[in-house]
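These numbers were taken from a predicted model, which means no experiment stands behind them. Throughout, a chain's letter reflects where its sequence line sits, starting with A, and its residues are numbered from 1.
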2 protein chains.
Amino acid sequence: MTRPRSDKLNTITSRDVARAANVSQALVSRAFSGNGRIAADTRERIFKAAAEIGWQPNALAASMVTGDAPLVAVITTRLSFDWRAQVLSHLLKAFEERHLQPLLFHAERDEEVDRLLAETISWRTRGVVVTAGVVQKARAEAILSRGQFLAALNRPANHERAFAIATDNRLGGRHAATVLADEGRQRLLVLAGPADSWASRSRTEGFVAAARDRGIEPEIWCNDAMSTDAGGACARRLLELSAAGRPDAVFATNDALGLGFIDGLRSSALGIPSDLSLVGFDNLPASAWAPYRLTTFEQPLDTMVAAVVGHIENHRQSELHMASPVPTPSADGVIYCPPQLIVRNTTRGQK
Amino acid sequence: MTRPRSDKLNTITSRDVARAANVSQALVSRAFSGNGRIAADTRERIFKAAAEIGWQPNALAASMVTGDAPLVAVITTRLSFDWRAQVLSHLLKAFEERHLQPLLFHAERDEEVDRLLAETISWRTRGVVVTAGVVQKARAEAILSRGQFLAALNRPANHERAFAIATDNRLGGRHAATVLADEGRQRLLVLAGPADSWASRSRTEGFVAAARDRGIEPEIWCNDAMSTDAGGACARRLLELSAAGRPDAVFATNDALGLGFIDGLRSSALGIPSDLSLVGFDNLPASAWAPYRLTTFEQPLDTMVAAVVGHIENHRQSELHMASPVPTPSADGVIYCPPQLIVRNTTRGQK
DNA sequence: CTGAAAGCGCTTACAG
DNA sequence: CTGAAAGCGCTTACAG
């Protein structure tokens, strides 16, 4: 009965290999999986037959019976010139090393993330790594309750049993304010992102808090996008201000804003850092280039990716024999990693 | 018998949904797949039960029986600040729109690509899109012979039955030479990549050919990496030349080289384009920034990605009822798409 | 060390 | 319109 598959494909199976090597189909499976006893020479015979035929185990079928596929769902967004490309790149490399297959879910906009999270379920992955958008509590519960892991990178996971790790954005923000205040800057400006950007908000909050500790109340400019274009627009806006009311230090909550801001100031008389200091966040490759040399924060990407992979492996262990300790998150469930200040030429720091 | 799966997972299946909705398991399948007759109200009942239980079809199991998973393998490399990130981003978006699931294979170095191509097989994807490294003929044959598609993006597929689409790098190179020669430049220099970079080589060849047509023999500097650092090194090397022997026009075979080259010249007396014109390739976001405004070529990424997706869908059609026409490739089996010149400030073009 | 058989969670003819 | 049953390609106890 059932003859669903396209007949042209003529799928070859372990049975064909078994026939060619003159063994049972079960032995072929054992030869490739490495589980169960098998004589060295029959294994060789099987390998040879498989190589000739061009067969290798069907991972989909194997997953079916073992109930576990080495698959990890990864949620991303637009990668173009973004910190996200670096995140994904590191993640992919780590997965490759651990023999984990990433199944990618691409959100064009953050609102799609919840839907993608739902679609993720169909593939019965080990779990999902979220690098974009917001994780809803109910969705997190749906994932975790089936025994999958849920790891949020640079965002809260909004669930006690999920794993969340992020750059300590508040700390970075505080640090930026300290650097600027220590230079003697008095009129601070924050170039922030949209209200729903968790990272930008945290950086801003940290910055404002530390500034207030010094008795300074920073001004905050919000931007719909955290892009170089938006940074340029901020520069133009700043240039329209009277010299007296003009900020003398700017904290760009990401480097794209900061780089655009620098470019926006080029045709003006304002010098950096003579008239105005600038600190960014992300340490994009371009931030090190000659025309910018932007003082900025590097996010501890390696640390975070390693921790995510660690969580994935722990999760598997505990699945198998309920064991393993977990890193200790902070009160909001997120593990925070300190960013590192890279002092370059847009601040007066003693470099 | 066989109790392989971790008992804690307690997997829920369509059978559980069937029980809850008081129907046969087959009906649950029909409700979700949309295949076969089913009364509207029982379908609703099934959906409700499934939603309550939190079940959705196991795509792995479905793939097993239909013999077809909506999976596409994608081979990439390091994404950091590269044109590749843009390629991947566009590809992912197109897949998402067509409900194709990308399974990513990440090569840290190009030499790993062949191995990854082999690993691809286990997952019984519809086929594989290669955006890094070299496709070996035998490997291509192995993939195609199982009825999978093979699509190479910006590289030859080295197989008649494979699909290959690329920017017309030779044409771009020719065009670059024409632009520079038309400016009256006489001493041309090419900043090339490593010998095994197909794109860089093609661009160089086109450039050299067109230059020779004008009676000019360009100099060629090869670089191990096509990075900003390498571009900077080229600038330093150029500055060491005597003014008489110095090139008056440079073709950087990618923008990274070009941007680094510009930065490397900043501290010198040489002006661009007064003393020396520069043309790049890729049109990176940074190439449009104020300190660079690099004249460069934009690759027809949308066109190429659309063509790849078109090929994937054609492949499926022909799998199903042996039909469909194919685009017409050039003699070497590659479909070439012309790049578009973006004139900015590093050439004297009439802009 | 090896083979026969059950079963993973589905989909799809085939009968009602 | 619905259900019982076969089968997708594997892996793994269970017997030899």
Side-chain angles (χ1 to χ4, degrees), chain A residues 1-7 9-19 21-46 50 53 55-71 121-125 146-147, chain B residues 1-7 9-19 21-46 50 53 55-71 121-125 146-147:
Chain A
M1 163 170 312
T2 5
R3 192 89 211 56
R5 66 174 45 264
S6 145
D7 291 70
L9 280 180
N10 225 322
T11 318
I12 51 181
T13 73
S14 58
R15 190 144 260 124
D16 298 309
V17 176
R19 200 156 19 234
N22 217 277
V23 292
S24 72
Q25 181 270 325
L27 264 186
V28 176
S29 175
R30 285 198 273 261
F32 276 81
S33 71
N35 298 333
R37 305 250 136 272
I38 182 170
D41 56 321
T42 58
R43 186 178 42 228
E44 283 319 306
R45 188 149 39 95
I46 290 169
I53 294 182
W55 176 88
Q56 54 184 271
N58 180 334
L60 264 27
S63 308
M64 277 287 342
V65 9
T66 61
D68 171 64
L71 246 27
I121 303 277
S122 286
W123 293 96
R124 307 299 197 260
T125 61
R146 7 176 48 100
Chain B
M1 167 170 309
T2 6
R3 196 86 210 59
R5 69 173 42 266
S6 145
D7 291 71
L9 280 180
N10 225 322
T11 318
I12 51 181
T13 74
S14 57
R15 190 144 262 125
D16 298 310
V17 177
R19 199 156 20 233
N22 218 279
V23 292
S24 72
Q25 180 270 325
L27 265 186
V28 175
S29 175
R30 284 197 273 262
F32 275 83
S33 72
N35 298 332
R37 307 249 137 273
I38 182 171
D41 55 322
T42 57
R43 187 177 41 231
E44 284 319 308
R45 189 148 39 94
I46 291 169
I53 294 183
W55 176 87
Q56 55 184 272
N58 180 334
L60 264 26
S63 309
M64 277 287 343
V65 10
T66 62
D68 172 64
L71 245 26
I121 303 275
S122 286
W123 294 96
R124 308 299 196 261
T125 61
R146 5 175 51 100

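- In this structure, CD1 of B:I46 is placed 12 Å from P of C:dT11, rounded to the nearest angstrom.
- If you take atom C1' in D:dT12 and the same atom in D:dG16, they sit 16 Å apart, rounded to whole Å.
- One finds no side-chain N or O of A:S63 lying less than 4.0 angstrom from the OP1 or OP2 phosphate oxygen of D:dC10.
- Atom C1' of nucleotide C:dC10 and atom CD of B:Q56 are separated by 14 Å, given to the nearest angstrom.
- Mapped onto DNA chain D by nearest heavy atom, B:S24 and A:S14 fall at different nucleotides, with B:S24 at the one closer to the 5' end.
- Put simply, CD1 on A:I121 is 16 Å from C1' on C:dG9, counting in whole angstrom units.
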Let's go through B:I121 and A:W55 carefully: what are the C-alpha distance in whole Å and the side-chain angles of both, what is the deciding distance for side chain to side chain contact (heavy atoms under 4.5 Å, CB included) to 0.1 Å, and is it a yes or a no? CA-CA 9 Å; B:I121 303 275; A:W55 176 88; over 6 Å; no
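- Side-chain contact between B:R146 and A:I12 is present, with at least one heavy-atom pair separated by less than 4.5 Å.
- Counting heavy atoms from C-beta outward, A:R30 and A:I46 have side chains that stay 4.5 Å or more apart.
- Summarising the geometry of B:Q56 relative to A:S122, their closest heavy-atom pair is OE1-OG, 2.9 Å, with the distance given to 0.1 Å.
- When distances run from any side-chain atom of A:N58 to the nucleotides C:dT2, D:dG9, C:dC10, the shortest one goes to D:dG9.
- Taken from CG in B:L60 to CZ in B:R124, the straight-line distance is 13.0 Å, to the nearest 0.5 Å.
- The distance from atom CG of B:N58 to atom OG1 of B:T13, rounded to the nearest 0.5 Å, is 9.5 Å.
- Note on B:R124: only backbone sugar-phosphate atoms sit closer than 4.0 angstrom, heavy atoms only; bases stay farther off.
- To the nearest 0.5 Å, the span separating CZ on A:R15 from CD on A:Q25 amounts to 5.0 Å.
- If you find the closest nucleotide of DNA chain C to A:Q25 and to A:D41, the one lying nearer the 5' end belongs to A:D41.
- Atoms CZ and CD1, from B:R19 and B:I53 in turn, are 8.5 Å apart once rounded to the nearest 0.5 Å.
- As rounded to whole Å, 15 Å separates atom P of D:dC10 from atom CG of A:L27.
- For the pair B:N22/B:R45, a side-chain contact is recorded, criterion being any heavy-atom separation below 4.5 Å from C-beta on.
- Not a single ring-ring contact (aromatic ring centres under 6.0 Å, His included) links B:W123 to another residue, sequence neighbours left out.
- Using a 4.0 Å cutoff on non-hydrogen atoms, the parts of residues 30-40 of chain B near DNA chain C are B:R30, B:N35, ordered by number.
- For the pair B:N22 CG and D:dC1 C1', the interatomic distance rounds to 15 Å; values are reported in whole Å.
- Look at CG on A:D68: it is 17 Å from P on D:dC10, rounded to the nearest Å.
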Using a 3.5 Å limit on both pairing distances, list the dot-bracket string of DNA chain C from the 5' end; Watson-Crick and G-U wobble pairs count, crossing pairs take [ ], interstrand pairs take |. |||.||||||||.|||
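- Phosphate contact (OP1/OP2 of C:dG9, side-chain N/O of A:W123, threshold under 4.0 Å): absent.
- For A:T11, taking side-chain heavy atoms from C-beta onward, the closest of the listed nucleotides C:dG3, C:dG9, D:dG9 is D:dG9.
- Residue-level contact check: A:S29 touches the bases, meaning some heavy atom is under 4.0 Å from a base atom.
- Rounded to whole angstrom, the span from the CD atom of A:E44 across to the P atom of C:dC1 amounts to 14 Å.
- Here the side chain of A:M64 is nearest to one of D:dG9, D:dT12, C:dC10, namely D:dG9.
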